[in-house]
Number of protein chains: 2
Amino acid sequence: MDQVDRKIIAALRENGRATYADLGRSVGLSASSVHERVGKLEAAGVITGYHAMVDPNTVGLGVTALVGIHPTDTATEDDVAEALGALDEVESCYAVAGDEAFVVKVRVATVDDLEKTLGRLRRIPGVGRTNTTVVLSTRFEGRPNNAGLDEGRNGDA
Amino acid sequence: MDQVDRKIIAALRENGRATYADLGRSVGLSASSVHERVGKLEAAGVITGYHAMVDPNTVGLGVTALVGIHPTDTATEDDVAEALGALDEVESCYAVAGDEAFVVKVRVATVDDLEKTLGRLRRIPGVGRTNTTVVLSTRFEGRPNNAGLDEGRNGDA
DNA sequence: CCTGAAATGATCCACCC
DNA sequence: GGGTGGATCATTTCAGG
């Protein structure tokens, strides 16, 4: 992982559909070389995938909430996480330090759906109290964080 | 936005580098038609971009935290949000209901860096107390939520 | 929405540094 | 070990219908 890889990664975070030719131009390498480098980055698990971002509002998902999940001791964390993953409306799931076991991000169409989802969450074995924070507006999200890319910091891949 | 568009969107969420030819095959249309549809979806703001996902651990960003930000009345929400956006390590920023004004997701290399970042956050005018939740593990994140795509629900684009 | 064709890019390989 | 350049094949991106 050298500076060129970092540039390629940054570029692909910006535009995941950039062509190898384009990438080559912006880092001063041939398309073949970039192609090979990207392949290696993918194989090494540095680049885990490419995804289109969709404005949730335009697809009828206008309600976002962050839900803290307090555990009971009736199920393992892994089992709870798996059950959370089975719910389509749970977009992200973090195991956290503190008195909550997980924080999940939930995306639904209406507050009615949010209520239903919270019901489903609480019905999961191992889930106790939930603490819901409704998102009023998403100022920005999933922004490329190049802190680890710009600097002389080196990852362990 | 018909069923075909929804399928295309779902496919591009899965694989943002899918070729129009591939997409065409999977929805039963020609590549040209898919190309035109995708162009319209982009123009309509439904698809907001394509981004490579990077495993944070492999690029030296091993520490994630969710930080709740309590407001003071010395700055507007917009100004605070802008200041938060100026920090590279703040990956996402949500304005929320409740006694916190914002919840942000922060990604840094070490707990030392986390401490520095929290210092920076608290130095922002309009930011009062912060409440930090350290992420122990990310079970899943930014998962395609097709709740609004599978069903007969219609978005407003 | 399709076909068809020209331009561009992807992909592979022999070769070079 | 990378990197290059060219050949070949696929895809993009227009026209036009």
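Every chain is numbered from 1 and lettered A, B, ... according to where its sequence line falls, protein lines coming before strand lines.
In the set D:dT4, C:dG9, C:dA10, the nucleotide with an atom closest to the side chain of A:R25 is C:dG9. Minimum atom distance to the side chain of B:A21 is reached by D:dT12, of the listed D:dT12, C:dC1, C:dA10. Candidate nucleotides D:dT13, D:dG3, C:dT3 were compared by shortest atom distance to the side chain of A:R37, and D:dG3 ranks first.
The OH atom of B:Y20 sits 15 Å away from the C1' atom of C:dA10 (whole-angstrom rounding). Between the CG atom of B:D22 and the C1' atom of C:dG9 there is a distance of 15 Å, given to the nearest Å. Atom CD in B:E36 sits roughly 12 Å away from atom C1' in D:dC14 (whole-Å rounding). Here the P atom of nucleotide C:dA10 and the CD atom of A:E42 are 13 Å apart, to the nearest Å. What separates NZ of A:K40 from P of D:dG1 is a distance of 7 Å, to the nearest Å.
Follow the hydrophobic side-chain contacts under 4.5 Å out from A:V135 and you never reach A:V63; the two are in separate clusters. Both A:V54 and B:L41 sit in one connected hydrophobic cluster of ILVMFWY residues. Membership requires side-chain heavy atoms under 4.5 Å apart, directly or through other members.
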For the pair B:Y94 and A:K105, evaluate side-chain hydrogen bond (donor to acceptor under 3.5 Å, both in side chains) and give the outcome as yes or no after the intermediate values. CA-CA 11 Å; B:Y94 306 95; A:K105 184 168 70 179; 2.9 Å; yes
Residue pair B:S92, A:R143: steps toward the side-chain hydrogen bond (donor to acceptor under 3.5 Å, both in side chains) verdict: CA-CA 6 Å; B:S92 306; A:R143 229 173 26 153; over 6 Å; no
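Considering only side-chain N and O atoms, B:R17 lies nowhere under 4.0 angstrom from the phosphate OP1 or OP2 of D:dT12. Phosphate proximity of C:dC2 to B:S33: present, with a side-chain N or O under 4.0 Å from OP1 or OP2.
Judged by a 6.0 Å distance limit and a 45° cone about the ring axis, A:R17 is positioned over the six-membered ring of B:Y20.
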Reading nucleotides 12-17 of chain C from 5' to 3' and marking B where a protein heavy atom lies under 4.0 Å of the base, S where only the sugar-phosphate is that close, and - otherwise, the string is B-----
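Proximity of B:E91 to A:F140: side-chain heavy atoms (C-beta onward) are nowhere separated by under 4.5 Å.
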